[in-house]
Amino acid sequence: MTLINKKEFKLEFRNQMDFLYKQTIEEANSEQLLNTLVTVLKCKIDNIWKESRLDKEKEVYYFCIEFLLGRQLESNLLNLGVLEDIKLILKEMDINLEDLVNAEVDPALGNGGLGRLAACFLDSMASLSISGHGYGIRYEYGLFEQKLVNGHQVEVPDNWLKEESYIWETVRPNKASIVKFGGQVDLVEKNGKLKAIHKNYIPVMAVPYDIPIIGYKNEYINTLRLFKSDVPRKDFEPILKESKNSYGSYHDALQYRYYADEISQVLYPNDSNDAGKILRLKQEYFLVSAGIQDIFRKYKKNNRDIGKIYEKISIHINDTHPSLCVPELMRLLMDEEELGWDEAWEITKRVISYTNHTIMAEAMERWNIQMIKELLPRIYMIIEEINKRYIRKLNNKYGNDFDKIGTMAVISADNVNMANLSIIGSHSVNGVAKLHTEILKKEVLKNFYEDEPFKFNNKTNGIAHRRWLMLSNPRLSKLINELIGESWQKDTLELKSLEKYQDDSRVLQELELIKQENKRNLSKIITQKNEININENSIFDVQIKRLHAYKRQLMNALHILHMYHELLDNPNLNMEPRTFIFGAKAAPGYYFAKCVIKLINELAQKINNDVRVKDKLRVVFLENYGVSLAEKIIPATNVSEQISTTTKEASGTSNMKFMMNGAITIATLDGANIEIHDQIGDENMVLFGLKANQVLEYSKFGGYSSADLYSNNFYIKRVVDDLVNGFIPNILEEGREIYNSLITYNDEFFVLRDFENYIEAQKKINDLYMDKNHWNKMALINIANSGIFSSDRTIKEYANEIWYKR
Ligand code: BZD
């Protein structure tokens, strides 16, 4: 233990407590103790952090509009290698570490998979000693807090900062920069060259707040830099000569303050819809401009030749939200560094790489040109020029194939297509799982792939096994350590050697016992939150993710309804008791998703109060699903529901977390479920549903009628009718909405098409669980083969094949 000396630590802790709060440890509450501990730790890591910032061969900057970090204390202690020591020292001081862990806020600065992936990637980059840093926005309000009121979702603002600062952050006021909005651009001639002069703009200050990202036992610390927007400080005035300077009246000054503040005020709560709002565009440019200016400032400190920046810097844009990186980098290279177009363009492409996370048309970002023109006049000029030159190139290559050129253009139908801009302006485009990348290449981005096939590659997602196994499931980690030693913690592929225990009944029983204890823990939480008792011996069957039609929580609910009928018809049905657990937030404006939440809650109400099925069937909807809750649910899960309409889920990442914790997956062959299947085969997971080519054929050629299925299938008719016949109380409107989506609008996500198949798969789950020994063996094989899904593997691939590739 190099970082912590017991005696010294205790002394520092007491001194810090006295300094911060003028009181003793005994008098302090959990928040104060936590704050004190974090302050002490921050001092201790400061040197390592500084050293890790020194000039590196190449630096990666990961731009993302959201980062879903989760609580940091335990994870940081683990990575510093002092978790057990600190636990013990605190205990000697009569302090329970768990209380401090629970006292920490869970910063909800993201919607779902995309933001969480970014957080896992930061953890992996630091742990692999890769100089890789995140750039994001320090939203004052994160994703709304979900309350359930009479089964309806109600959104409450997430005031996570409570007008204080975040314990892990350090503000860096001297590294602030100015982002310019609005105004006009004049092109004036200077030394025979045209120079862009931006006038009358509104300046907004971007203030960095740094969060340390600590690598696992490698004395390496990267930075997540989040920007807060503000009005510029006085000392910026000399450089704001060309800005709009009419904030004379009090009213104007207040309006200006509001304009600046608003940008980093709140995270957009949409995970699958293009918001199209001007404030969102401001956020995107704010992030991009502040980030790239920061990179330039740092680069220029140690390097003279801006023309070689690609040797030292990689910029990764996570989805299209930061895609203005392309024109912003061009702007800085040309307007500030005075490079010509061609050189700037080559550099831009060499520096930037792009990840796509969705094929859903409604999620593809398109910005109205008028909006961009007014808000970002110089950026618009550059986008226009990129488009002009690109179309010229396409014309040369494809002649007058206007259809093709229209789909590839950056500007079409008065909109800027941000995916096209990202592809054209980068050297690498990747999808997040095999099938997803194939669909990008063969369908959605077909023309681009045919034009520049070398740009396209796949990087199957991964998860930080440190958080999602070592921390969230300490019992299982301990067992693994006992069986195969500790080296899997640094190389998860070593988990494979667990397979030699697949017929060892002692080990399998131990595994079952661990699951049982985790289930007991979760049951307590459920009882506390939902005031309902859970049968701890039932199968815990879990679907936790954002609520979306394509993720088909509805199909899960309809199957529960089906089981309920079967049980009522045959009370002696030979079935393992089941507890269905849901956690899901719906985007506030997504009516259908909210209807499904209401349906599940009313179903839960009805089933949980029906004594006839009391010990067999339970339904639980857990309020306010997020990272902290996931850490409790996943280790306690038996069945992982990954049932999206095939082709729609780009990857999924909870599927990997469940697998690593020994749950058995019931799944469609979608997203990374395919890679999971590649690892463990049919024998160790349960597959069902349409295949990708069938779904694609239906979408292209039609031929599906949900109404026919409904009329001809008793089981389908029974559950669909229940949506509108009063069988489930209090869902008059919601039931009708869902019914219409299934029957009137022909069931876009093939819920009914896959339903019978899903019922069979669920029966199979039931039968498999009846043979406990066999189930445990499957669980062990899942864990043993989950190593490939560590985000360490993913990040190594990004580093070798994209960022460091020469
Ligand atoms: O990204 C998700 C995909 O749906 C998952 O399949 C995939 O596993 C993860 C990580 O690659 N996409 C999102 O989570 N998207 C968003 O949260 C989002 C956020 C803002 C705007 C649009 C989408």
Side-chain angles (χ1 to χ4, degrees), residues 62-68 108-121 136-137 139 142-143 266-277 279-281 283-284 287 316-323 354-367 418-419 422 430-437 439-440 458-464 468 544-552 584-590 593 625-627 630 642-659 667-668 670-676 789 791 794-795 798:
Y62 196 83
F63 280 73
C64 189
I65 201 85
E66 41 191 66
F67 287 90
L68 205 41
L109 307 187
N111 274 283
L114 176 142
R116 183 53 231 171
L117 185 78
C120 286
F121 280 6
I137 296 177
Y139 299 106
L143 187 63
V266 56
L267 166 81
Y268 273 89
N270 275 317
D271 71 323
S272 53
N273 241 338
D274 173 17
K277 297 278 183 337
L279 179 58
R280 173 68 163 199
L281 183 59
Q283 291 184 334
E284 294 185 358
L287 162 64
H316 199 88
I317 57 181
N318 200 29
D319 218 318
T320 57
H321 320 120
S323 58
Y354 155 63
T355 299
N356 173 292
H357 292 263
T358 185
I359 60 156
M360 308 270 289
E362 64 267 35
M364 293 297 191
E365 284 194 301
R366 285 186 172 81
W367 290 108
M418 303 312 263
S422 310
N430 75 280
V432 290
K434 270 191 327 198
L435 175 66
H436 173 229
T437 302
I439 294 174
L440 290 179
N458 176 56
K459 296 284 164 282
T460 298
N461 282 166
I463 55 166
W468 295 107
I544 43 173
K545 45 185 87 249
R546 283 300 285 255
L547 214 139
H548 203 293
Y550 83 78
K551 295 181 189 279
R552 300 200 294 192
K585 286 182 181 177
Y590 191 175
Y625 172 65
V627 176
Q642 306 299 337
I643 58 178
S644 53
T645 307
T646 306
T647 72
K648 301 289 183 197
E649 188 71 274
S651 161
T653 41
S654 75
N655 44 4
M656 305 170 185
K657 296 168 195 163
F658 282 119
M659 178 194 191
T668 48
D670 195 21
N673 302 342
I674 293 177
E675 279 91 327
I676 292 181
F789 299 111
S791 46
T794 317
I795 285 299
Y798 274 94

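Whatever order the structure lists them in is the order used to number ligands and atoms, beginning at 1. Values below: every heavy atom of this structure, side chains too, minus hydrogens, waters and symmetry copies.
For ligand 1, the atoms lying closer than 4.0 Å to a non-hydrogen atom of R280 are 20 (C), 21 (C). Atoms of ligand 1 lying under 4.0 Å from at least one heavy atom of Y550, given by number and element, are 4 (O). Within ligand 1, counting atoms from 1 as listed, the ones closer than 4.0 Å to a heavy atom of N270 are 19 (C), 20 (C), 21 (C). Of all atoms in ligand 1, listed by their number and element, those nearer than 4.0 Å to a heavy atom of A650 are 6 (O). The distance from ligand 1 to the heavy atoms of N111 drops below 4.0 Å at these ligand atoms: 17 (O).
Remark: minimum distance from atom 14 (O) of ligand 1 to any protein heavy atom is reached at L114 N, 2.9 Å. The shortest contact between atom 11 (O) of ligand 1 and any protein heavy atom is with H357 ND1, 2.7 Å. Closest to atom 6 (O) of ligand 1, if we only count protein heavy atoms, is E649 OE1, 2.6 Å. The closest protein non-hydrogen atom to atom 21 (C) of ligand 1 is H321 NE2, 3.3 Å. Nearest protein heavy-atom contact of atom 18 (C) of ligand 1 is D271 O, 3.3 Å.
Contact annotation: for M656 versus ligand 1, there are no heavy atoms closer than 4.0 Å. Here R546 has no heavy atoms under 4.0 Å from ligand 1, in either its backbone or its side chain.
Heavy-atom minimum distance, Y139 versus L267: CD2-N, 3.4 Å. The two residues A549 and Y590 come nearest to each other via the heavy atoms N-OH, 3.1 Å.
Taking the six-membered ring where tryptophan is involved, the planes of Y62 and H316 are essentially parallel, since the angle between them stays under 30° and well short of 60°.
Side-chain N or O atoms of Q642 include none that pairs as donor or acceptor with a backbone N or O of N673 at under 3.5 Å.
Remark: distances from the non-hydrogen atoms of G671 to ligand 1 are all 4.0 Å or more. Using a non-hydrogen distance threshold of 4.0 Å, N461 registers as a contact of ligand 1. At least one heavy atom of E66 sits less than 4.0 Å from an atom of ligand 1.
Residues T358 and S272 fail the side-chain proximity criterion, which asks for heavy atoms closer than 4.5 Å. Side-chain contact check for N461 versus M656: some heavy-atom pair is nearer than 4.5 Å. Put simply, the side chain of V432 does not reach to within 4.5 Å of the side chain of K459, judged on heavy atoms. At least one side-chain heavy atom of N356 sits less than 4.5 Å from a side-chain heavy atom of H436.
Within the set G652, G431, G113, the minimum heavy-atom distance to atom 7 (C) of ligand 1 is found for G652.
Taking a cutoff of 4.0 Å between a charged side-chain nitrogen and a carboxylate oxygen, E675 and K434 do not qualify as a salt bridge.
For V266, the side-chain contact (heavy atoms from CB on, under 4.5 Å) partners two or more places apart in sequence, or in a different chain, are Y141.
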